[in-house]
Structures are given as structure tokens and as C-alpha cells.
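Atoms considered below: every heavy atom in the structure, side chains included; atoms not considered: hydrogens, waters and symmetry mates. So that the names make sense, note that chain A is the first sequence line, chain B the second, and so on, each numbered from 1.
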Amino acid sequence: MQPLKKDILNVPELPEVETVMRGLEKEMLGETLHHVSVHAPKLRWEIPISLKALENEKIIKFSRRSKYVLMELESAKVILIHLGMSGKILFSEGKSYIKQKHDHVLFYFGNKRIAVYNDARRFGMVDVLEKGDVQDSFYLKSLGPEPLGGCFTKDYLYNTLQKSRVSIKVAIMQQKVVVGVGNIYASESLYAAKIHPKTLACNLTRAQAEELHTCIIQVLKNAIAAGGSTLKDYVQADGALGYFQHSFKVYGRENEPCYHCKDEIKKVVLGQRSTFFCGKCQIQ
DNA sequence: AGGTCTGTTACTGA
DNA sequence: ATCAGTAACAGACC
């Protein structure tokens with residue numbers, strides 16, 4: 001149990017990425033990016049040489065798309081950052097910085113400060129694109145709607161699920177259906193909506209799809225709120241940005257009592273990923 | 001030492 | 001072409 005729970009805190013999903021983005025925005029927006037130093041040849045993919053060439057540019061905008069953080073520079077170049085499964089960003093003072101294991105990219109900015117990208121498993125990515133190419137890029141071109149954006153409507157979700165013959169758990173984790181819902185919040189959303197994760201997506205009633213729509217949004221918003229509250233003092237115990245203690249109702253709680261009915265939480269594997277649910281509260 | 005865990009893409013086959 | 005299922009990636013932790 002213990003190692004699993006520890007791992008949970010290290011996997012960024014949409015709320016964590018949103019929190020990281022807001023933290024970067026708070027510290028770096030309007031500052032000058034002096035230099036980018038790359039200490040690894042590749043993460044998930046090659047880190048482009050052009051990243052090293054970014055010097056003395058003002059940072060004019062931060063945004064998020066799915067689990068990607070976008071940092072826009074005044075030259076209309078955009079740095080894309082994905083944290084993968086173990087990526088972290090820490091702020092450091094240039095004077096006192098000591099390179100840690102897995103520190104791969106250093107963003108020197110402002111008054112001798114550094115935003116350090118650290119990623120043990122190297123499943124993340126850092127790339128730089130022209131602003132006009134971002135939406136149609138390899139990374140973003142086939143992504144579905146943002147769960148907290150206007151395109152993710154109840155009608156959209158119901159209609160999309162009707163065409164899908166995978167389990168509802170797998171369906172809401174598919175990026176084409178909706179972005180940003182990873183393994184943790186998929187289980188949490190289905191528990192909140194009282195829907196069994198093995199239910200075929202196309203078998204959801206309209207009422208179930210609408211309830212799930214509501215729950216996905218609520219679960220993500222609650223997590224973002226929890227993350228936002230940690231931003232007041234972004235330098236946490238381990239110094240990492242965007243990681244916060246958040247309690248889950250089913251995730252990682254196999255054999256523990258359901259908070260609603262006291263039945264034991266069960267675990268199954270769906271789409272190669274562990275899935276947690278209450279067999280009594282979540283009907284198939 | 002070998003299993004587990006994760007997000008995303010690539011591959012395979014229907 | 002599209003969909004669904006599976007393997008792979010890397011490193012930490014037991």
C-alpha cells in the first residue's frame with residue numbers, strides 16, 4: 001500500500017498540470033528567459049537543439065492544453081512541456097543551485113533564478129514550436145475537448161460514448177474522447193457518478209452520461225482547487241511545484257471500506273491499468 | 001531479482 | 001481506413 005500511495009503523488013494529471021502552469025505563470029510571466037540549458041539528449045523524444053538557442057526573450061503567456069504546459073515567448077515561439085509520469089519543476093536560486101539526479105532542463109530567468117525540469121523516468125517531453133504550428137502539431141493535433149472547456153458538453157459526451165465499444169473506464173481515459181482524465185481521476189469520476197467501470201461505454205443511459213459529465217468536471221475542479229491552495233507557498237517540503245496531498249475516495253484503496261456503504265473497495269485491471277471501484281455503489 | 005506502477009505512442013490484427 | 005487490444009518505454013520502490 002505504502003509504495004503505491006507514494007507513487008500516486010508523483011503522477012501528474014490535469015489538475016496537477018494546471019497547478020504547475022499557474023505556478024510557472026506566477027513566477028515567470030513577464031520575466032526574461034535568459035537561457036535554456038539542456039542536460040539530457042532525450043526524454044520521451046529528442047530535445048531539439050533550437051531550445052538551447054532561446055536567449056533573452058520575454059515570456060508573455062502561459063497556458064495549458066491537456067497535460068501540456070505552453071510557455072509563449074515574444075518571438076512567437078512556444079515551449080511545450082509535458083511532465084510524463086514523473087516530471088517535476090522546481091525553482092532554484094542560480095547561486096545556490098546544485099544539480100540533482102535527473103535534472104534535465106534548466107530555464108534561467110529573471111534575476112538569476114532557475115526553473116528546473118526534473119524527470120526520473122524521462123517519459124515527459126520538452127519541445128519548442130512556432131506559435132502557429134502548435135495546434136496542428138504532432139502533440140496536440142488529435143486531442144479531444146478540454147473537460148473544463150465549452151466543447152465538452154453533455155450531448156457531446158453521450159453521443160461520443162454511444163459510438164464506443166470499450167469499457168467506460170477506458171473510454172474516458174482516451175484522449176480523443178476527453179483530455180486530461182488519467183487513471184486516477186477516471187476511477188474517482190466513475191465512483192462519484194455511481195457507474196461501474198466495466199460498463200460498456202455505449203451502454204450508458206443518457207442520464208448516466210450526463211451524471212458522469214457532471215462528476216468529471218466536479219472531481220477535476222475540486223482537485224484544481226486543492227492544488228491552487230498550495231500555490232500560496234509554492235515551495236513545498238520537497239520544493240516541487242504542483243504536487244499536493246489530495247485524498248482519493250477509491251483510488252489506491254483496495255480492500256478498504258467504501259466511505260458510503262462500507263463494502264470493500266475492489267481492484268480490477270482495465271486497459272492495462274489498475275481500476276478501483278465499489279461493487280455495491282457502482283452498478284453495471 | 002522480479003513484479004508493479006504510470007501516460008502515451010507504436011504496433012498488430014480484425 | 002478505423003477501431004480495439006497489447007507491448008513498450010524508464011526508473012524507483014519493494
Side-chain angles (χ1 to χ4, degrees), chain A residues 1-21 39-47 64-70 80-89 100-105 117-127 136-144 146-147 159-189 197-203 216 220 223 238 240 242-243 246 248 250-255 265-276:
Chain A
M1 257 327 139
Q2 205 52 37
L4 178 59
K5 296 210 170 191
K6 204 171 175 184
D7 210 36
I8 287 167
L9 295 175
N10 287 335
V11 179
E13 293 196 26
L14 186 147
E16 289 78 10
V17 176
E18 177 71 20
T19 304
V20 168
M21 187 276 286
H39 294 226
K42 69 183 280 287
L43 296 168
R44 178 70 194 267
W45 292 287
E46 301 255 326
I47 300 175
R64 178 189 57 74
R65 172 74 172 114
S66 185
K67 296 172 190 168
Y68 294 88
V69 172
L70 284 69
L80 265 81
I81 301 169
H82 195 292
L83 300 174
M85 299 195 289
S86 56
K88 298 174 177 60
I89 291 177
Q100 302 296 309
K101 196 173 182 184
H102 310 307
D103 281 356
H104 301 311
V105 183
Y117 179 95
N118 177 291
D119 185 2
R121 285 177 239 188
R122 301 203 323 217
F123 272 32
M125 54 79 58
V126 180
D127 201 353
D136 295 321
S137 67
F138 169 76
Y139 307 108
L140 306 187
K141 67 180 179 194
S142 44
L143 295 179
E146 286 288 327
N159 292 334
T160 304
L161 295 179
Q162 283 293 105
K163 298 175 220 154
S164 173
R165 285 171 301 167
V166 296
S167 72
I168 186 61
K169 159 71 160 33
V170 169
I172 58 175
M173 285 183 66
Q174 290 177 340
Q175 300 283 294
K176 271 187 217 165
V177 175
V178 60
V179 303
V181 179
N183 199 38
I184 296 168
Y185 295 111
S187 282
E188 293 296 310
S189 299
K198 282 188 177 175
T199 309
L200 284 185
C202 57
N203 286 345
I216 287 172
L220 293 175
D238 65 352
Y243 288 81
H246 195 66
F248 301 117
V250 287
Y251 194 83
R253 297 192 64 242
E254 186 182 16
N255 299 328
I265 298 299
K266 297 188 181 71
K267 176 179 147 180
V268 293
V269 174
L270 287 175
Q272 302 173 298
R273 297 294 181 253
S274 53
T275 304
F276 299 86

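- Between the CZ atom of A:Phe276 and the P atom of B:dT4 there is a distance of 13 Å, given to the nearest Å.
- Counting distance only, with no hydrogens placed and no angle test, the side-chain atoms of A:Arg121 and the base atoms of B:dT8 include no donor-acceptor pair under 3.5 Å.
- Of the candidate nucleotides C:dG11, B:dC5, B:dT9, C:dG11 has the atom nearest to the side chain of A:Arg122.
- Checked options A:Arg273, A:Lys169, A:Glu13; the residue passing with A:Asn183 is A:Lys169 (criterion: side-chain hydrogen bond (donor to acceptor under 3.5 Å, both in side chains)).
- Checked options A:Val179, A:Val178, A:Val17, A:Leu14; the residue passing with A:Ser66 is A:Val179 (criterion: side-chain contact (heavy atoms from CB on, under 4.5 Å)).
- Here A:His82 does not reach the OP1 or OP2 of B:dG7: none of its side-chain N or O atoms lies under 4.0 Å away.
- The nearest pair of heavy atoms linking A:Ala201 to A:Ser164 is CB-O, 3.7 Å.
- Between C:dA4, C:dA7, C:dG11, one nucleotide has an atom nearer to the side chain of A:Val166 than all others, and that is C:dA4.
- Regarding A:Asp127, its CG atom lies at a distance of 16 Å from the P atom of B:dT8, rounded to whole Å.
- The shortest distance between side-chain heavy atoms of A:Leu83 and A:Lys88 does not fall below 4.5 Å.
- Using a 4.0 Å cut-off, some side-chain N or O of A:Lys67 falls inside it from OP1 or OP2 of B:dT8.
- In this structure, of C:dA4, B:dG7, B:dT8, it is B:dT8 that holds the atom nearest to the side chain of A:Tyr68.
- Following rounding to the nearest Å, A:Lys101 (NZ) and C:dA10 (C1') show an atom-to-atom distance of 12 Å.
- Heavy-atom distances to DNA chain C give each of A:Arg273 and A:Lys176 a nearest nucleotide, and the one nearer the 5′ end belongs to A:Lys176.
- Residue A:Gln175 has a polar side-chain atom (N or O) positioned under 4.0 Å from OP1 or OP2 of B:dT8.
- For C:dA10, the OP1/OP2 oxygens have no side-chain nitrogen or oxygen of A:His102 closer than 4.0 Å.
- Taking the six-membered ring where tryptophan is involved, the planes of A:Tyr117 and A:His104 are tilted, since the angle between them lies from 30° to 60°.
- The distance from atom CG of A:Leu83 to atom P of C:dA10 is 19 Å, rounded to the nearest whole Å.
- Of the candidate nucleotides B:dT9, C:dA4, C:dA8, B:dT9 has the atom nearest to the side chain of A:Phe138.
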